[in-house]
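These notes concern the structure reproduced below.
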Amino acid sequence: MINPRFTQVIAVLLLALATLFTLAILVFIIGFILSKGLAHVDIDFILSNPEDMGRAGGIYPTIIGTLILSTLSILIAAPFGIGTAVFLTEYTRESRVTRIIRFGADCLAGIPSIIFGLFGFIFFVTTLGMSWSILSGSLTLAFMILPTIIRTSEEAIKSVPYAYRDVSFSLGATLWQTVRKVVLPNALPGILTGIMLSLGRSIGETAVVIFTAGSSLRTPQSLFDSIRTMSVHFYILAREGLSNEKAYATATVLIISILAINLISYWLMIRFISKRSG
Amino acid sequence: MADKIEIRNLNLFYDKFHALKSVNMVVRDKNIIALIGPSGCGKSTLLRSINRMNDLIDGVRINGEVLLDGRDIYNSGLDIYKLRKRVGMVFQRPNSFAKSIFENVAFGLRVARLANKKKISEIVETSLRTAGLWDDLKDKLGTSALELPLYHQQRLCIARLLAVEPEVILMDEPCSTLDPIATMKIEEMMIELKKKFNIIIVTHNMQQAARVSDQCGYMLLGDMVEFNKTSEIFTNPRDKRTQDYITGRFG
Ligand SMILES: Nc1ncnc2c1ncn2[C@@H]1O[C@H](COP(=O)(O)OP(=O)(O)OP(=O)(O)O)[C@@H](O)[C@H]1O
Ligand SMILES: [Mg+2]
């Protein structure tokens, strides 16, 4: 017989070890990039244009590109995603059709991004003649992140206590009023988490962006211009062996901005929750 | 005295399950009605069919009549949202929204698209006063309702309901999560509310039914076994089954 106290100690140790290991890897990766890149990042690097294909100069256009592309993709995907989630959870009865839609969303979520890239290239870039552009890129990215937004929103909506809906209906609210005034506000933290997750994926994506938004290093003037994002810039710098320094510096900016986004959304969430309950 | 609610041969099915069997009941105006009976006999179901909350459940079929002021709520084209404002409900668990105290009480007014800020504040105040909460809460209307103790929350839920000025208040075991003192407070409030409202309360607490109600119905397995004046039910039950239940010889 093994002493349950003993197995308990072992279990705690193993779990703690797993946690420690995960954290260590995370810290190592971030530390590695920062140690190689941080020295080459300064205001100039952030605010000036690249020269000589990125061997010299800064990354200003790619920052703008990243910002526009990811924001736009979220702006396109969020209304459709949240709308679909509301429709599936509140307006339809659980049935074959809803299960098929859900299964479809799950399948979409599992498709490699390069397939989305190829689809975007064939559909938006060539067939619709939108060429390599911000518009093609953000539409394709929106398709890519849509399933995540749908499923996370759905989970968030489902976790709103049923009693809240009952109360709302019993006070004479319509389904739409209930959704707007009770369900969505309560589901918001969960929905935002999904959106932040998707934002991160958009920012980090390379395959889709290269296929659909191109890799122009010019600062875009309209939605029909091609752009390059930081991720793509990093990829090209590293792959073509143009400049290791600049590559790591770009990665550093990328990592810091993603960390910043996470921190800000975390802060917003806490403020939001304490505002509602405090 | 006028009949506020008259239920005639009401049958309700959850899919195949026959949950209410030809229930009849007459509620006179400005009375408190108590529904008692063992768990699962259909008290909540009956209550929820008076404001059509059962419509929200899949597979529910209803026949028979529920007359409110002489008008059938199921078949006369009565607007379901208006009905639910006239016939409000207090639930078993205090379910305040994760909003401020003020917004909780104002919820029904917002839903009804009342825009006049002054009017809203007035109604919130009156409702909180009637619910006996104004003096305790008037200085912290902006704080979250979830921070209130349970017994305050349940009264807040009643205030939230009073704000839409219902004619009938349905209460489904409103005191089952409260301690005796809080329960007493709610009962005192019910007696007060009775002057203006009609109250139907489901309770497992026989003393409570005896204390507060004017009329009482005993239900068993979907049947309304006996419906009569409370004093009659408790001192002189006509049906053997009622007698067994109130004397605690049940099951
Ligand atoms: N949504 C539902 N679907 C199917 N059956 C249901 C549903 N709600 C209630 N029932 C059944 O209907 C019967 C009456 O339920 P109801 O909740 O009205 O009883 P109750 O008298 O309020 O019981 P309790 O005292 O436990 O609250 C029970 O047998 C219950 O299992
Ligand atoms: Mg019940």
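Quick note on labels: first sequence line is chain A, next is B, and so on, each numbered from 1. What you see is a predicted model, and the numbers here were worked out from it, not measured in a lab. These numbers come from the heavy atoms of this one structure, side chains and all, not from hydrogens, waters or symmetry mates.
Taking both residues in full, the closest heavy atoms of B:Met89 and A:Ser170 are given as CB-CB, 4.1 Å, listed atom of the first, atom of the second, then distance. What you find for A:Tyr164 and B:Phe97 is that their closest heavy atoms are O-CE2, 3.6 Å.
Other residues, nucleotides and ligands contribute more than 12 heavy atoms inside 6.0 Å of the OH atom of A:Tyr91. The number of heavy-atom neighbours closer than 6.0 Å to NZ of B:Lys185, taken from other residues, nucleotides and ligands shown, is 12 or below. Other residues, nucleotides and ligands contribute at most 12 non-hydrogen atoms within 6.0 Å of the CZ atom of A:Phe21. When the shell of 6.0 Å around CZ of A:Phe143 is examined, it contains 12 or fewer heavy atoms from other residues, nucleotides or ligands. Within 6.0 Å of NZ on B:Lys196 lie no more than 12 heavy atoms contributed by other residues, nucleotides or ligands.
Test B:Val111, B:Leu109, B:Leu161 against A:Leu171 for side chain to side chain contact (heavy atoms under 4.5 Å, CB included) and you get one pass: B:Leu161.
A distance of 11.0 Å separates CG of B:Leu56 from CZ of A:Arg165, quoted to the nearest 0.5 Å. Here the NZ atom belonging to A:Lys181 is positioned 9.0 Å from the CD atom belonging to B:Glu103, to the nearest 0.5 angstrom. A:Asn186 contributes atom CG, which lies 7.0 Å from atom NZ of B:Lys99 (distance to the nearest 0.5 angstrom).
Between B:Arg160 and A:Val167, the closest side-chain pair of non-hydrogen atoms falls below 4.5 Å.
Residue B:Arg52: no heavy atom, backbone or side chain, is found under 4.5 Å from chain A. Heavy atoms of A:Ser168 lying under 4.5 Å from chain B belong to its backbone as well as its side chain. Heavy atoms closer than 4.5 Å to chain A are found nowhere in B:Arg86, neither backbone nor side chain. With a 4.5 Å cut-off on non-hydrogen atoms, B:Phe91 touches chain A through its side chain but not through its backbone.
Annotation: maximal heavy-atom pairing with chain B below 4.5 Å, among A:Thr178, A:Leu175, A:Val182, occurs at A:Val182.
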